Amino acid sequence: MKIALTVGHSLLINGSYTSADGKIYGGCNEYKWCKTFSKQLSSALRKNGHKVKRILCPEKKFAYSTQEKAYKLNIINSGNYDLVIELHLNAASPSANGTEILYKSSTGQKYATQVQKQLSTVFHDRGIQKRTDLYILNGTKPPAILIETFFCTNHNDYEKAKGLTNRKKLAKLIAKGIQNVDNK
């Protein structure tokens, strides 16, 4: 499969992030973690035989978060991809925890179900959720899933996700979920 792997959010021209930051709760910055994690996930997907393009918004180029949409959708919709995976982290009160995957299409639901099954072996299972209000799910030609890997505002979630060893483990789980759909 040809997969577009995107990192949610960006670093704006003024130096601020458009993402959540859970560091004050013992967690992490969403954009920084997802950007780093995208390397491990890309590698795990390639090991399963997929062609992967990592899509990150150029840093310190955009003045507004709204510019992310056009940038990503242009690349994705002109790239003849089979699947889009967008990486995010959830944020809420420090007690909120777990993993969830968002989708819109029936094909997206199949991928969301299998990836959720894998990630919920590590994090609390918040389930999958159909969403019709997110541009990455609405605006892409190929099916898409948005992975809310864990809560960046939850210390215990972050402990399970920090460091190279944990990121590689999570990447293998997501790749296995994708592969489980492909093998059916």
Side-chain angles (χ1 to χ4, degrees), residues 1-23 27-46 50-92 99-113 115-116 119 126 128-153 161 167 170-171 174-175 177-178 181:
M1 259 195 329
K2 189 175 176 186
I3 299 173
L5 175 61
T6 74
V7 174
H9 303 289
S10 66
L11 175 59
L12 297 178
I13 199 165
N14 67 5
S16 65
Y17 293 95
T18 65
S19 58
D21 194 342
K23 286 189 276 184
C28 62
N29 176 285
E30 176 183 14
Y31 173 75
K32 288 181 181 180
W33 190 89
C34 289
K35 178 183 172 187
T36 301
F37 178 63
S38 69
K39 295 174 189 174
Q40 285 83 45
L41 182 53
S42 178
S43 177
L45 291 165
R46 284 186 179 115
H50 302 293
K51 294 179 182 175
V52 181
K53 174 161 177 90
R54 287 175 60 235
I55 302 169
L56 289 85
C57 291
E59 294 186 347
K60 294 190 175 185
K61 180 178 178 185
F62 299 150
Y64 304 101
S65 63
T66 54
Q67 294 171 286
E68 297 169 4
K69 176 182 176 180
Y71 178 82
K72 288 181 190 177
L73 291 181
N74 182 49
I75 294 170
I76 292 167
N77 289 333
S78 64
N80 199 29
Y81 294 99
D82 300 302
L83 178 67
V84 177
I85 301 171
E86 178 147 297
L87 298 174
H88 283 265
L89 300 180
N90 251 329
T99 186
E100 66 184 339
I101 307 204
L102 312 177
Y103 70 92
K104 181 182 175 187
S105 68
S106 59
T107 302
Q109 182 179 16
K110 291 175 187 174
Y111 285 103
T113 299
V115 172
Q116 181 71 16
L119 286 177
R126 296 177 62 88
I128 63 170
Q129 188 179 135
K130 184 173 184 172
R131 293 281 296 269
T132 58
D133 60 331
L134 302 171
Y135 78 80
I136 202 70
L137 302 178
N138 285 332
T140 57
K141 290 178 185 175
I145 59 173
L146 188 153
I147 302 175
E148 296 277 10
T149 313
F150 63 93
F151 276 82
C152 68
T153 49
R167 288 192 312 269
L170 296 173
I174 293 170
I178 299 297
V181 175

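This one's a predicted model, so the numbers in the text were calculated from it and none came from an experiment. Start at 1 with the first residue, then count along the sequence.
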If you compare all heavy atoms of Gly108 against all heavy atoms of Pro143, which two are closest, and at what distance to 0.1 Å?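 Closest approach of Gly108 to Pro143, heavy atoms only: N-CB, 4.0 Å.
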Can you name the closest pair of heavy atoms from Arg46 and Val52 and give their distance?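 So the two residues come closest at NH2-O, 2.6 Å.
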Could you grab the distance from atom [atom1] of [X] to atom [atom2] of [Y], nearest 0.5 Å is fine?
X      : Y      : atom1 : atom2 : answer
Ile145 : Arg131 : CD1   : CZ    : 14.5 Å
Ser19  : Trp33  : OG    : CH2   : 13.0 Å
Leu41  : Thr149 : CG    : OG1   : 8.5 Å
Arg167 : Cys34  : CZ    : SG    : 11.0 Å
His50  : Tyr81  : NE2   : OH    : 14.5 Å
Thr99  : Ile147 : OG1   : CD1   : 7.5 Å

Is there side-chain contact between [X] and [Y], with heavy atoms separated by less than 4.5 Å?
X      : Y      : value
Cys57  : Phe62  : yes
Leu137 : Thr132 : no
Ile55  : Leu5   : no
Ile76  : Ile136 : yes
Val84  : Tyr111 : no
Leu11  : Pro58  : no

Between Glu68 and His9, is any side-chain donor less than 3.5 angstrom from a side-chain acceptor?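 Looking only at side-chain atoms, His9 and Glu68 do not form any donor-acceptor pair under 3.5 Å.
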Show your working on side-chain contact (heavy atoms from CB on, under 4.5 Å) between Ile85 and Val115 and close with a plain yes or no. CA-CA 11 Å; Ile85 301 171; Val115 172; over 6 Å; no
Carboxylate-amine/guanidinium contact Glu59 Lys35, below 4.0 Å: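 Answer for the salt bridge query: yes.
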Do side-chain atoms of [X] reach the backbone of [Y] as a donor and acceptor pair under 3.5 angstrom?
X      : Y      : result
Thr36  : Lys32  : yes
Thr6   : Arg54  : no
Gln116 : Thr113 : no
Glu30  : Leu89  : yes
Ser10  : Leu12  : no
Asn29  : Asp21  : no

Begin from the C-alpha positions of Gln109 and Lys130 and carry the test side-chain contact (heavy atoms from CB on, under 4.5 Å) through to its verdict. CA-CA 8 Å; Gln109 182 179 16; Lys130 184 173 184 172; over 6 Å; no
For Asn77 and Thr140, run side-chain contact (heavy atoms from CB on, under 4.5 Å): C-alpha distance rounded to whole Å, both residues' side-chain angles, the deciding distance at 0.1 Å, then the answer. CA-CA 6 Å; Asn77 289 333; Thr140 57; 4.1 Å; yes
Which word best sums up how the rings of Tyr31 and Tyr17 line up, parallel for under 30°, tilted for 30 to 60°, or perpendicular for over 60°?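 Ring orientation of Tyr31 relative to Tyr17: tilted.
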Worked check of side-chain contact (heavy atoms from CB on, under 4.5 Å) between Lys110 and Tyr103: CA-CA 9 Å; Lys110 291 175 187 174; Tyr103 70 92; over 6 Å; no
Using the salt bridge (Lys or Arg N to Asp or Glu O under 4.0 Å) criterion, which residues pair with Lys104? Sequence neighbours excluded.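 Checked Lys104 against salt bridge (Lys or Arg N to Asp or Glu O under 4.0 Å); zero matches.
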Non-neighbouring partners of Glu86 that pass salt bridge (Lys or Arg N to Asp or Glu O under 4.0 Å), sequence neighbours left out: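 Result, salt bridge (Lys or Arg N to Asp or Glu O under 4.0 Å) vs Glu86: Lys72.
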For the NZ atom on Lys69, are there more than 12 heavy atoms of other groups (residues, nucleotides or ligands in this structure) within a distance under 6.0 Å?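 Open.
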